[in-house]
Every structure is written in C-alpha cells, then in structure tokens.
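Here is the structure we will look at, set down as structure tokens.
A note on names: the letters A, B, ... follow the listed sequences, proteins ahead of strands, and every chain is numbered from 1.
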There are 4 protein chains.
Amino acid sequence: MVRPRFHKLAVARQEHILNAALSEFAAHGFADASLNRIIDAAGISKGSMYYYFDGKEDLYTHVIRDRLERLLGGAGPFPVPPAGTPDEFWSSLTELYLRLMKVLLTSPEVAALLRGWLSGGGAPSVSTAQQEAEQATLPWLLGTLAVGQEIGAVRTDLPTDLLLALVMSLGQVIDIWLIRQPPASADLDRTVRTLIDVIRRAVAPD
Amino acid sequence: MVRPRFHKLAVARQEHILNAALSEFAAHGFADASLNRIIDAAGISKGSMYYYFDGKEDLYTHVIRDRLERLLGGAGPFPVPPAGTPDEFWSSLTELYLRLMKVLLTSPEVAALLRGWLSGGGAPSVSTAQQEAEQATLPWLLGTLAVGQEIGAVRTDLPTDLLLALVMSLGQVIDIWLIRQPPASADLDRTVRTLIDVIRRAVAPD
Amino acid sequence: MVRPRFHKLAVARQEHILNAALSEFAAHGFADASLNRIIDAAGISKGSMYYYFDGKEDLYTHVIRDRLERLLGGAGPFPVPPAGTPDEFWSSLTELYLRLMKVLLTSPEVAALLRGWLSGGGAPSVSTAQQEAEQATLPWLLGTLAVGQEIGAVRTDLPTDLLLALVMSLGQVIDIWLIRQPPASADLDRTVRTLIDVIRRAVAPD
Amino acid sequence: MVRPRFHKLAVARQEHILNAALSEFAAHGFADASLNRIIDAAGISKGSMYYYFDGKEDLYTHVIRDRLERLLGGAGPFPVPPAGTPDEFWSSLTELYLRLMKVLLTSPEVAALLRGWLSGGGAPSVSTAQQEAEQATLPWLLGTLAVGQEIGAVRTDLPTDLLLALVMSLGQVIDIWLIRQPPASADLDRTVRTLIDVIRRAVAPD
DNA sequence: AATGAATGAGAGTTCATTCAT
DNA sequence: GATGAATGAACTCTCATTCAT
C-alpha cells in the first residue's frame, strides 16, 4: 500500500512522480518497466521511492488506481444506468462510453497503461494490483449488468463472471482499435454506436 | 531458426527440453521467462541450449509453433467451412471449435502459452515469432470470415481487421474461461454451443 | 561518463579501484581485459562498479584520462616550444621529452596503458575514448609541429597527418624501448638526446 | 604447430580454410576473432579444425606465416642488397619496398593482418606466434641492416634492436598510411621514394 | 580421418531492494 | 523525512576446447 507519507508531498511533486511512473509503465508494461528509469525521470532518490511506496508493484498499483480514478472522474459521474426499457438502457450506456472514449483518446499513455493492465496475463506478482484495480472498476460494471438483467436488456443464461469477461474483452478490443486508429471526431459517434451495438447483440437475451 | 541439430536428438530428449521451455513460458510469459530456469529444468548446459537454438526468442518461437502444430494436428484437419446456409456455416464452426477445445482442455500449459501469445502486446522483440505464428493462424480465420460474409452469415459493415479482432478476442475469453473452469465433460457441448452463439450474434448481419 | 558518485568516494578507495583497472587494462588491453577480474582485485561488487561507471568502456576512458592527466601534471607544464632558431626548438623539445620520460619510467603500468592506447587499432567501441584522449594530446603536438614548420625546423613536404604519425610512431618506439630497458640514470640524458635527434633527422627539412 | 595432416588436404581445401581464417583475423584481430565464425565460413567441422591445428593460436600463427611467405614470394626474391655505395644501397632498398607495397596494396586483408600483427601489443598468448613470425622476417632485415652498416649506409651508434624497431615502426606507419589512402598509381613511386628517404635520414650516419 | 554434440566458465550488463546516515 | 551508496543475484549470450563416435 502507498504510504500515507506520499500524500503529504506537494501535489505537484506527487504528480511529477506519478507521471514518470505512468510513462514508464505505459511504455514497457509492468515487468519490463525499470524503477531506475522512473526515479531518474522523476528526479527523486531511490530511497525516497521506497519511502513512499512499498516497491515496484505498489507503485504500479497506485498509478493505475490513481489514473483510472482521475480518468473516470474527468469523464463525469458514471452512474449505473437507471432502470427503464432495454433501449433506454443501451442508449444510456452508449452515451457513457462515448464520454469515456473521448477522454481516453486525449490521454494515450493512460490508454496504454489501461490496455496493458486489462490484458492481464503474465506476471503473477501483479495479481495483487490486478485484483485491487478490478475491485475498483468492477462494482460499477457488475451493477450495470445487474440492472440490465433486471429490465431484460441483458441475457441471464450465462454465469456473471463470463458475461463480465465477454463485455470487458469486447470493450477492450474496441478501446484498442479506437485508440490505434482514432476516427475523425465526426465519425466517432457513429463508430462507437455501432461497436456498442456489437456488445449489445452479444449479451442481449434472445 | 532452430538448428537442425536439435532434431537429431533423441525424441525423448527433445520433448524434455521443450516441456521445460513450455512450462516456463506458460508460467511467466516470454519477457519474464528465464532461460536459466529452463536449462535447469531441462537438465542441459547453457552451452547446449545455445547449441540447439539461436537464443531465447528462437526457443520461444519453436515451442509455440511445435506445440500449436501438435495441438492442431491432434484435433484433426481444420477445413474452412464450406459455403452453404448460414446455419450450416455456424454449426460447422461449432463442431470445429468443440474439437479444438477438447484438445486444448487436455493441455493447460499449451493453453496458457497460447493465451500469452494471443494477447501479444509487450516485447517488440517477439514480433518475429508473433508474425510467423499469426501467418499460420490467420489465413484460416480470414478465409472462414470471407466465406461467412459471402453466404450472408457474417456482417460486412465492419472493417475486416476489427471483425477479426472481435472474433479472436471473444474466442480468447471463451478459451480462458473454459480452461479455468472446465465444465463437466457432459456440459462441454452445451456450453460451447452457447458461447459460439455469442460470437455468432456479435458478427452476424442484422 | 564517470558518475559523479565515484568522486565522492574516499580518495584511497578511488585509487584502489583505478589501480585495479589500470593493472588489468595495462596487462591485457581493453578488449581482453576482464571487468570481473577488476572488481575482484578492487574488492568491490559488480553492482558498485556499474554504480560508479557506465560500463567497461567508461572505466577505460576514465582510467586513461586520469592517469595521463596525473602523469602530464607530474611532469610540469608542456608548453609549445617558443619560436626561435631550429636548434633552440629541438633542444627545447629534448628537455621536455626528458622530463616526460623520467616520469613515465616511474610508472610502467601507465606506460603500458599508454602504449596499448597509442597503438589504437582493434575495437571500434573504444573509439570514443580514443578520440577524446587524442583531442587532449594532439593539439599540443600539432601546435608544436606548426611552430617547427614556421621557423624552418620541420619539413613541409609531407601531409600533416603523415608527419604526425611518423613522429608519434618514433616516439612510441622510443618510449617502449626506454621502458623495457631503462638505461642507467646517468645514461638517460645521452640516450634521449640521441633518440630525439633521430626524430629530428626524420622530420627536419633538407 | 600445424599438424602435418593439414598439408595432406587438397590444396583448394587448405586455401579455403586459410582464407576464412585470414578474413576473420584481419577483420577482428587475434583476440576478438571467433573460431566459430572461421569454421562456419570455412565449412569444416570444429573437430576437423582441431584435427588440423593445435588451437586458435596455432591457426593464427600458421595463417600469418603462410600469407607472409606467399606475399614475399609474390613480390619476387628479397635479396639482401649487395654491398656497394650507400646510394646504391638505399636505391636498391627503395626498389624492393616499391615491389612489396605494390603487392601489399593488392591484398588488403593480408595488409590488415600484417598491421594487427605488427602492432603486437595486447594478448601475451600470441607471443609465441609473434616470436616465430619475427624469426621469419627479421633475419632478412638484420642482414640488410648489417650490410648497410658495413658500407657506411646505416649508423652504428644505436643498439641493433632499437635500430630495428625504429625501421620497422617507420615502415609500419608508411604501410598503414599508404594502405589507407593509396596514392594514384602514378604517384606511388614518388611517394614511396620520399618515405624511404625519411627512413634513410633517420638511420643514416652523420 | 573426421565429425559435431556437449560443456562450463566467463563475458558485460541491469535490476529491485536494503540500510546506514 | 530523505538520501544514495552498496549489493548480489539474475539476466542473455559467446567462447575455445574436449571427446566419444
């Protein structure tokens, strides 16, 4: 866990450190990221880094959590879509996703970090970070799925975890595809609507 | 490229080495795998490893290719489904996938290797292996998608690369989910059919 | 570049490390020198070596520069001989060289290092060190040659680079010969004077 | 020592092997040359190499000796200049050197090998080769110097070994300079004559 | 006569982490 | 509260040599 000490630093200093870590993790992934490079870029001592964080994984965990929170915050509140007709549900989700993507497209490094984190796999040492981060993201998604199932917008014949994995995976593909080749701003709406529709078809009931 | 010398070894010895590599790569992914651990497990000297293979990447490439070939070989031929009605197309695919999964479930390590390989990302140094392997896998998938589009079983309003990414991603989720919690053999059929249906819905035309 | 950290070490410790490196480089040349042997002799860890220096070449560069500076410093200033008659020019050079050799003879290892460095050739990777060191040595020699040409003490019918190479080569032979079989101190003066005269004959005008 | 077995090979095969070794040694010098690369280039097995030669150094020794002999042979006989006037002595030497350089310029690899060998320095392990090769070359040079001294063309106030070193060093500089920037064939004569004259001045008596 | 499989020591380099100050 | 010196294990890769066949 991040030591509380870290948050006593001047905010600008915190930012500087987290940005350095963000760049490194986004560029190389967790395993191949180098703490040495991070502290060089951040301009802090190695001792300080270990004074603020428990270690490499702890830093990674914190960067992810912090950046995702900020991202989600910047996109405005992410309310679980209110109950209503399935059409209303999906259109509400689409708007949400559009907002999210617009923010994501402005921050390629966070996007890269997110991608690396979502793809998971690899080092078991990060599983802690994974689990924690998932615990921060999933409740919303789970809530949304639950609402969707209640109002008949989401199929109920699949285990929840599989449903979740399918949605996240499709979302990830769409994220990556959009980030790699961002459509002209004018096309973004149309494209995202089509892609959300793909998810809808996959998880809508018969 | 694997040196021909390797194939002159007793088959059991080849197997022993490849199994050691398979375990390591499956457990840690390419970047975090350790050649030292592999040679320890294989019981050969470092010099011998480099006598057989050009290096880490070469070994990785070979393990993947060898294991996938064996896997696909064991599952029988993978013909592109013949043209016909969309229903025939999808049911043909389902049978195919069932066969594949049955084999995959018998070999969790190959499955893990496959997973790590599919998720790609990470080290650019493995791109060679990636590209070669993709060149071995993609033509079939592309061919299948093309046939599906011809006979009206697959939508044509999305770019081919996105369509491909969606299908592969869904397939991967399903793979992982099935491998993690293999259903009772009796349920496998039903489950796979449902999951293939998810893919069908996502990529079928309106 | 040597990391500043190195210079924060106790001087005795710095000396110990540099001496270990000096011995190794003097005995084996750059390419065949072993960092492992150096750290063993220096009694420091491999990590520390890389904490102080950027790598093998960096260490080599530093040892050379440091030792040469010390050597040249110990021999006093090396002024370009002032304009005057050719006889004055050559006699001034002779005195200079005598001083230099007396210092050099007290430090066979630096002499060996210098020899290996002067002969250059070999690894292209050391070119950086070479160039830097040459940039430190050559200006003086070039300036001296130029003065000699101005006052008619040095021939002008050969390209400068060839002239330079001839002088350096003769000087090197003389260095090596003197170092290998140092004449009785009493004879040193006479011998050096004769040898400088050899150079003079080679490069004096008709 | 080269095993006699080597000379029982077909001459073409011997040539092939020696050429491969020549290229490698010329390109990397002794220490950094790789036996593995040599046998790859030569297309022979590692076992064979060790069947023909005692090891790396033995091969090096043999290549040098063989190539130099051939070079000297190709340039025609190298008679020790007959006694006569000093002018005749030096002009005879000049003609000899001209012939030698013309051959040398046609074979850059032998030239590179020669350069690396002459500069000596470095690995003590090659000293054997050095000594042997010197023993093949020196007698002629010594004889020539002796004749020169007899007829008053060469100074007698310097130890023979120093005289030798001076002459060889100057010759080497000239070799390297000529090889690096070969003058137009028309200029070669004039340039060589000037350079030989430099040597003459250095070692002629007062 | 000839092969090539096998080796182990060694190369230079990077790393996350510790801890005395 | 903060530092940075110091470490040793681990990394991938290359090498000349041996020897059973």
Side-chain angles (χ1 to χ4, degrees), chain A residues 3 5-6 8-9 13 31-40 44-60 125, chain B residues 3-6 8-10 13 31-40 43-59 125, chain C residues 3-6 8-10 13 31-40 43-60 125, chain D residues 3 5-6 8-9 13 31-40 44-59 125:
Chain A
R3 313 275 174 83
R5 308 150 173 176
F6 179 67
K8 292 183 183 166
L9 291 179
R13 201 165 152 76
D32 293 339
S34 161
L35 261 190
N36 285 346
R37 281 193 295 255
I38 293 177
I39 65 167
D40 280 353
I44 65 171
S45 72
K46 197 168 280 196
S48 294
M49 181 60 90
Y50 276 87
Y51 185 65
Y52 300 138
F53 297 94
D54 253 0
K56 191 185 186 183
E57 185 185 340
D58 187 35
L59 173 62
Y60 182 66
S125 66
Chain B
R3 312 273 175 84
R5 310 149 172 173
F6 180 66
K8 292 182 182 166
L9 292 180
R13 200 164 155 76
D32 293 339
S34 160
L35 264 188
N36 283 348
R37 282 193 294 255
I38 294 177
I39 66 171
D40 281 353
I44 64 173
S45 70
K46 197 170 287 193
S48 292
M49 181 58 91
Y50 277 87
Y51 186 65
Y52 300 139
F53 298 93
D54 254 359
K56 191 186 188 183
E57 184 183 342
D58 188 35
L59 175 60
S125 64
Chain C
R3 312 272 174 83
R5 309 148 170 175
F6 179 67
K8 293 183 182 167
L9 292 180
R13 202 165 153 75
D32 293 339
S34 160
L35 264 187
N36 282 349
R37 281 192 296 255
I38 293 176
I39 65 171
D40 281 353
I44 64 173
S45 71
K46 198 171 285 196
S48 293
M49 181 58 92
Y50 277 87
Y51 186 65
Y52 301 138
F53 298 94
D54 253 359
K56 191 186 187 183
E57 185 184 342
D58 188 36
L59 174 61
Y60 182 65
S125 65
Chain D
R3 312 274 173 85
R5 309 151 172 172
F6 180 66
K8 293 183 182 166
L9 291 179
R13 201 165 152 77
D32 293 338
S34 161
L35 260 190
N36 285 345
R37 282 193 294 256
I38 293 177
I39 64 167
D40 280 354
I44 65 171
S45 72
K46 197 168 280 195
S48 294
M49 182 60 92
Y50 277 86
Y51 185 66
Y52 301 138
F53 298 93
D54 254 359
K56 191 185 186 183
E57 185 186 339
D58 188 36
L59 174 62
S125 66

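You'll find that the side chain of B:Arg13 is closest to E:dT7, out of E:dT7, E:dA5, F:dA5.
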Using atom names, set out every protein N or O paired with an N or O of nucleotides 10-13 of chain E below 3.5 Å, distance rounded to 0.1 Å.
unit_1, atom_1, unit_2, atom_2, d
E:dA11, OP1, C:Ser34, OG, 2.3
E:dA11, OP2, C:Asn36, ND2, 2.3
E:dG12, OP1, C:Ala33, O, 3.2
E:dG12, OP1, C:Lys56, NZ, 3.1
E:dG12, OP2, C:Leu35, N, 3.0
E:dT13, OP2, C:Tyr50, OH, 2.6
E:dT13, OP2, C:Lys56, N, 3.0
E:dT13, O5', C:Tyr50, OH, 3.2

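Rounded to the nearest 0.5 angstrom, A:Phe53 CZ and A:Leu35 CG are separated by 10.5 Å. Here NZ of D:Lys46 is found 5.0 Å from CD1 of D:Ile39. Values are rounded to the nearest 0.5 Å. In this structure, the separation between CG on A:Leu9 and CD1 on A:Ile44 is 8.5 Å, given to the nearest 0.5 Å. Atoms CZ and CZ, on C:Arg13 and C:Phe6 in that order, are 9.5 Å from each other to the nearest 0.5 Å.
When each of D:Lys8 and B:Met49 is assigned the nucleotide of DNA chain E with its nearest heavy atom, D:Lys8 is the one assigned upstream, toward the 5' end. Comparing C:Arg5 and B:Gly47 along DNA chain F, the residue whose closest nucleotide (by nearest heavy atom) sits nearer the 5' end is C:Arg5.
Among residues two or more places apart in sequence or in another chain, the side-chain hydrogen bond (donor to acceptor under 3.5 Å, both in side chains) test is passed with B:Ser45 by B:Ser48. When the ring-ring contact (aromatic ring centres under 6.0 Å, His included) test is applied to D:Tyr50, no partner is found at least two apart in sequence or on another chain. For the salt bridge (charged side-chain N to carboxylate O under 4.0 Å, His left out) test, residues two or more places apart in sequence or in another chain that qualify with D:Asp54 are D:Arg3. Not a single side-chain hydrogen bond (donor to acceptor under 3.5 Å, both in side chains) links A:Asp40 to another residue, sequence neighbours left out.
At whole-Å resolution of the value, CG in D:Asp32 and P in F:dA16 are 10 Å apart. Spacing between atom CD1 of D:Ile39 and atom P of F:dT17 amounts to 12 Å, rounded to whole angstrom units. Atom C1' of nucleotide E:dA1 and atom CD1 of D:Ile44 are separated by 13 Å, given to the nearest angstrom. Put simply, CZ on B:Phe53 is 18 Å from C1' on F:dT14, counting in whole angstrom units. Atom pair C:Asp40:CG and F:dG8:P shows a separation of 12 Å (rounding to whole Å applied).
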Q: Map every base of DNA chain E to its dot-bracket character, where paired means a Watson-Crick or G-U wobble contact with both distances under 3.5 Å and | marks a partner outside the strand.
A: .||||||||||||||||||||
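Of the side-chain N and O atoms in D:Tyr51, one or more sit less than 4.0 angstrom from OP1 or OP2 of E:dA1. Residue A:Tyr52 places at least one side-chain N or O closer than 4.0 Å to OP1 or OP2 of F:dA2.
Looking only at distances, a side-chain donor or acceptor of C:Lys56 sits under 3.5 Å from a matching main-chain atom of C:Ala33.
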